[in-house]
Amino acid sequence: MIVHKGQLRFGYDTSGFSHHRLADALRVIANLGYEGVALTLDHHHLDPYAKDLGRQISMLSIDLDRLGLSVVIETGAGYLLDPWRKHSPTLLEPDRQQRVDLLIRAVGLAADLGADAVSFSSGVASPGVPDTMAWERLVAGCELVLARAEALNVRLAFEPDPEMFVSNLDGYDRLRSRLGNPKRFGLTLAIGRAEPQSAPDRVRRAGSRLMNVHLHDVGGGAPEELSPALTALRAIGYQGLVSVELPNQSQAAPAAAGDSLGYLRQASGIEVMS
């Protein structure tokens, strides 16, 4: 049954354009018909440690405005901080200040670009680190980032990840509670990964706290398999970006992005009746 409701805004993650210059990637993404971009900060795409960062931000702001693209700042680049250890250091390690500094820089970039949110996750705890210590380090790090976000009027979108220390919505709720339930500490949900709870159920549970959505394995099944999640997003009045994240498709980025948008548009026009 074809039912047209409120339109969702689709974006594409620049991690899926790792062989493109950022300006070129943005043009392709916009020309395909996407309305936003999930900008993964990396050494080749708006390196937050670049000496000419101010100039890059100015040029990027002009490009985003000209192309009509909204933006979310993503901080999941694998080797930006450590060339040997993927996603390290995390917020759970003794040298977590480097991760805190990256996130604070991301908040500043988000403010400069008028981004919807800054998305990040907890990372993985090192072997032997007690849960109590991991929680203390995580909360302390998040408090520092949150203070900067509050000062700059930027929203944070924390992502529970099955492979990370905070792996589910229960963990997110615990973290948010320990931070005092701040309004700016929202949620990123990933759809398309194996989870004990269905995607529509997680969307409904997230509710107004949902600020960012990642889509994985787009096109891996029939459109009607994704449709319930998109329907749930419309039902809660979600206004943020729904961004495709396909970093392993960078070699064929334009084709992968085009196929994904076609798939999403088809899935958005289908409402599965219970």
Side-chain angles (χ1 to χ4, degrees), residues 9-20 22-23 25-26 28-30 34-50 53 56-57 60-61 63-64 69-82 86-88 90-91 98-123 141-142 145 148-149 152 154-161 163-164 166 172 184-193 210-218 240-250 253 256-257 260:
R9 294 188 301 129
F10 296 122
Y12 202 88
D13 196 310
T14 57
S15 65
F17 275 81
S18 62
H19 301 294
H20 284 68
L22 180 56
L26 296 180
V28 173
I29 289 168
Y34 285 95
E35 296 183 64
V37 60
L39 174 55
T40 295
L41 304 179
D42 211 338
H43 60 89
H44 58 292
H45 284 166
L46 196 64
D47 182 349
Y49 301 99
L53 183 60
Q56 290 188 44
I57 292 172
L60 176 58
S61 181
D63 284 345
L64 291 170
L69 292 172
S70 300
V71 62
V72 169
I73 301 298
E74 299 284 349
T75 59
Y79 294 97
L80 179 61
L81 298 181
D82 188 324
K86 189 175 183 179
H87 299 312
S88 292
T90 73
L91 289 170
Q98 193 176 5
R99 176 65 58 177
V100 172
D101 177 69
L102 171 62
L103 295 176
I104 287 176
R105 288 171 183 258
V107 168
L109 292 173
D112 290 339
L113 295 172
D116 290 359
V118 173
S119 181
F120 68 106
S121 60
S122 66
C142 286
V145 179
R148 186 60 173 163
L152 295 181
V154 170
R155 303 193 307 171
L156 302 178
F158 185 89
E159 180 179 3
D161 186 314
E163 298 180 354
M164 303 294 181
V166 177
Y172 164 77
R184 292 195 183 279
F185 195 80
L187 183 63
T188 290
L189 281 186
I191 295 173
R193 288 175 172 166
L210 187 58
M211 297 179 181
N212 187 36
V213 174
H214 294 163
L215 294 179
H216 300 272
D217 194 29
V218 174
L241 284 179
V242 180
S243 297
V244 178
E245 187 176 303
L246 296 175
N248 294 329
Q249 298 295 320
S250 286
S260 294

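Between the side chain of Tyr12 and the backbone N or O of Ser260 there is no donor-acceptor pair closer than 3.5 Å. Of the possible polar contacts, none joining the Ser243 side chain to the His214 backbone as a donor-acceptor pair under 3.5 Å is found. Panel note: side chain His45, backbone His20; a donor-acceptor pair is recorded below 3.5 Å. A donor-acceptor contact shorter than 3.5 Å is absent between the side chain of Ser61 and the backbone of Ile57. No donor-acceptor pair closer than 3.5 Å links the side chain of Arg148 to the backbone N or O of Ile104. In this structure, Ser250 contributes its side chain and Ser18 its backbone to a donor-acceptor pair below 3.5 Å. Side-chain N or O atoms of Arg155 include one that pairs as donor or acceptor with a backbone N or O of Asp116 at under 3.5 Å.
With no hydrogens or angles considered, no side-chain donor-acceptor pair links Asp42 and Thr40 at under 3.5 Å.
The aromatic rings of Tyr172 and Phe185 lie parallel to each other, their planes meeting at an angle below 30°, with 60° marking the opposite boundary.
Leu156 places a side-chain heavy atom less than 4.5 Å from the side chain of Val107. A heavy-atom distance below 4.5 Å is not found between the side chains of Glu74 and Thr188. For the pair Phe17 and Leu26, the minimum side-chain heavy-atom distance is 4.5 Å or more. Using a 4.5 Å heavy-atom threshold, the side chains of Pro160 and Leu187 count as touching. In this structure, Asp47 and Leu53 have side chains that are not in contact, with every pair of non-hydrogen atoms separated by 4.5 Å or more. Under the 4.5 Å side-chain criterion, counting only non-hydrogen atoms from C-beta, Leu60 is not in contact with Asp112. Using a 4.5 Å heavy-atom cutoff, the side chains of Leu246 and Asp13 are not in contact.
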* To do: Take Leu80 and Thr75, measure what side chain to side chain contact (heavy atoms under 4.5 Å, CB included) needs, and give me the verdict at the end.
  => CA-CA 9 Å; Leu80 179 61; Thr75 59; over 6 Å; no

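Distance OG/Ser15 to CG/Leu41: 11.5 Å, rounded to 0.5 Å. Distance CG/Asn212 to OG/Ser119: 4.5 Å, rounded to 0.5 Å. Between atom CZ of residue Arg105 and atom CD1 of residue Ile73 there is a gap of 14.0 Å, rounded to the nearest 0.5 Å. With values rounded to the nearest 0.5 angstrom, Leu113 atom CG is found 7.5 Å from Leu39 atom CG. Atom CD of Glu159 sits about 11.0 Å away from atom CZ of Phe120, to the nearest 0.5 Å.
When all heavy atoms are compared, the tightest approach of Leu69 to Tyr34 is CD2-O, 3.5 Å. Taking all atoms of both residues into account, the shortest heavy-atom contact from Ser122 to Val166 is OG-N, 3.0 Å. The two residues Ala149 and Arg184 make their nearest non-hydrogen contact at O-CD, 4.1 Å. Residues Pro48 and Leu102 share a closest heavy-atom pair of CG-CD1, 3.7 Å. Minimum heavy-atom separation, Ser88 to Arg99: N-NH2, 3.9 Å.
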